[in-house]
Amino acid sequence: MQPTSEFKSKPGLKRLFAALRYSRDGFRSAWRHEAAFRQEVALLVVGSAIALALRISAFEKLLLIGVLVLILIVELINSSIEAVVDRVSLERHPLSKNAKDFGSAAVLLACLLAAAAWGVVLTDRFL
């Protein structure tokens, strides 16, 4: 029989409320310990205000805000990878470097996608 995690043992609504608490704790930890996350939240707040103020379709607003949220999602996953790698060992190792570099590359791709989406929408609307 496989060992069972204590975190998987909650049924029904208890599991839902536990998941919400874990998510809240994750946001708090990211805010406290990850400067990039705080910067990206600031970008999301400013970008969302701009997107909502623009005279563009609701779908375009969703797209512009959505790609900014995607940056946060990828940053949280990247931070998770970094935390696990550091938990396993603080030694320098090529596989640890690869894991961290792959996560960083994923964040970069999300940022490039966001820049492209904003560029296309703004160019289409204002040029």
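In what follows, every heavy atom counts, from backbone to side chain, and hydrogens, waters and symmetry copies are set aside.
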Show every donor-acceptor pair shorter than 3.5 Å between a side-chain atom in residues 29-50 and any protein atom, with sequence neighbours excluded, or say none if there are none.
unit_1 : atom_1 : unit_2 : atom_2 : d
Arg38  : NH1    : Trp31  : O      : 2.6
Arg38  : NH1    : Arg32  : O      : 3.3
Ser48  : OG     : Leu44  : O      : 2.7

query = So Leu54 and Phe126, side-chain contact (heavy atoms from CB on, under 4.5 Å) or not? Walk me through it.
reply = CA-CA 10 Å; Leu54 290 173; Phe126 298 108; 3.7 Å; yes
task = To the nearest 0.5 angstrom, please state how far the CG atom of Asp101 sits from the CG atom of Asn78.
result = 9.5 Å
key: For Asp86, all residues meeting side chain to side chain donor-acceptor pair (under 3.5 Å), sequence neighbours excluded   = Lys100
key: Shortest non-hydrogen separation from Ala51 to Ile65 and the atoms involved   = CB-CG1, 3.9 Å
note = Value for CD (Glu82) from OG (Ser96), rounded to nearest 0.5 Å, stands at 11.5 Å
query = If two hydrophobic side chains count as joined below 4.5 Å and joins carry through other members, does Leu52 share a cluster with Leu64?
reply = yes
task = Hey, could you give me the CD1/CZ distance between Ile77 and Phe102, rounded to the nearest 0.5 Å?
result = 15.5 Å
query = If you link I, L, V, M, F, W and Y whenever their side-chain heavy atoms are under 4.5 Å apart, who else ends up in the same group as Phe59?
reply = none
query = Who else is in Phe17's hydrophobic cluster (ILVMFWY, side-chain heavy atoms under 4.5 Å, direct or via others)?
reply = Leu13, Leu16, Leu20
ask   = Crowded around Arg92 CZ? As in, over 12 foreign heavy atoms under 6.0 Å?
value = no
inquiry  = Starting from Val67, can I reach Ile73 by hopping between I/L/V/M/F/W/Y residues whose side chains sit under 4.5 Å apart?
reply    = yes
ask   = What are the two closest heavy atoms between Ile71 and Ala114, and how far apart are they?
value = CD1-CB, 3.6 Å
inquiry  = To the nearest 0.5 Å, what is the distance between OG on Ser23 and CG on Leu76?
reply    = 10.0 Å
ask   = Rounded to the nearest 0.5 Å, what separation is found between the CG atom of Asn98 and the CD1 atom of Ile81?
value = 12.0 Å
note = Quick note, side chain to side chain donor-acceptor pair (under 3.5 Å) partners involving residues 106-125, not counting sequence neighbours, are none
note = dist Leu113:CG -> Leu68:CG (nearest 0.5 Å) comes out at 10.0 Å
request  = Give a yes or no on whether Phe27 and Leu72 share a hydrophobic cluster (residues Ile, Leu, Val, Met, Phe, Trp, Tyr; joining criterion: side-chain heavy atoms under 4.5 Å apart).
outcome  = yes
message = Considering only residues two or more places apart or on different chains, which pairs with a residue in residues 56-67 satisfy side chain to side chain donor-acceptor pair (under 3.5 Å)?
response = Ser57-Glu60
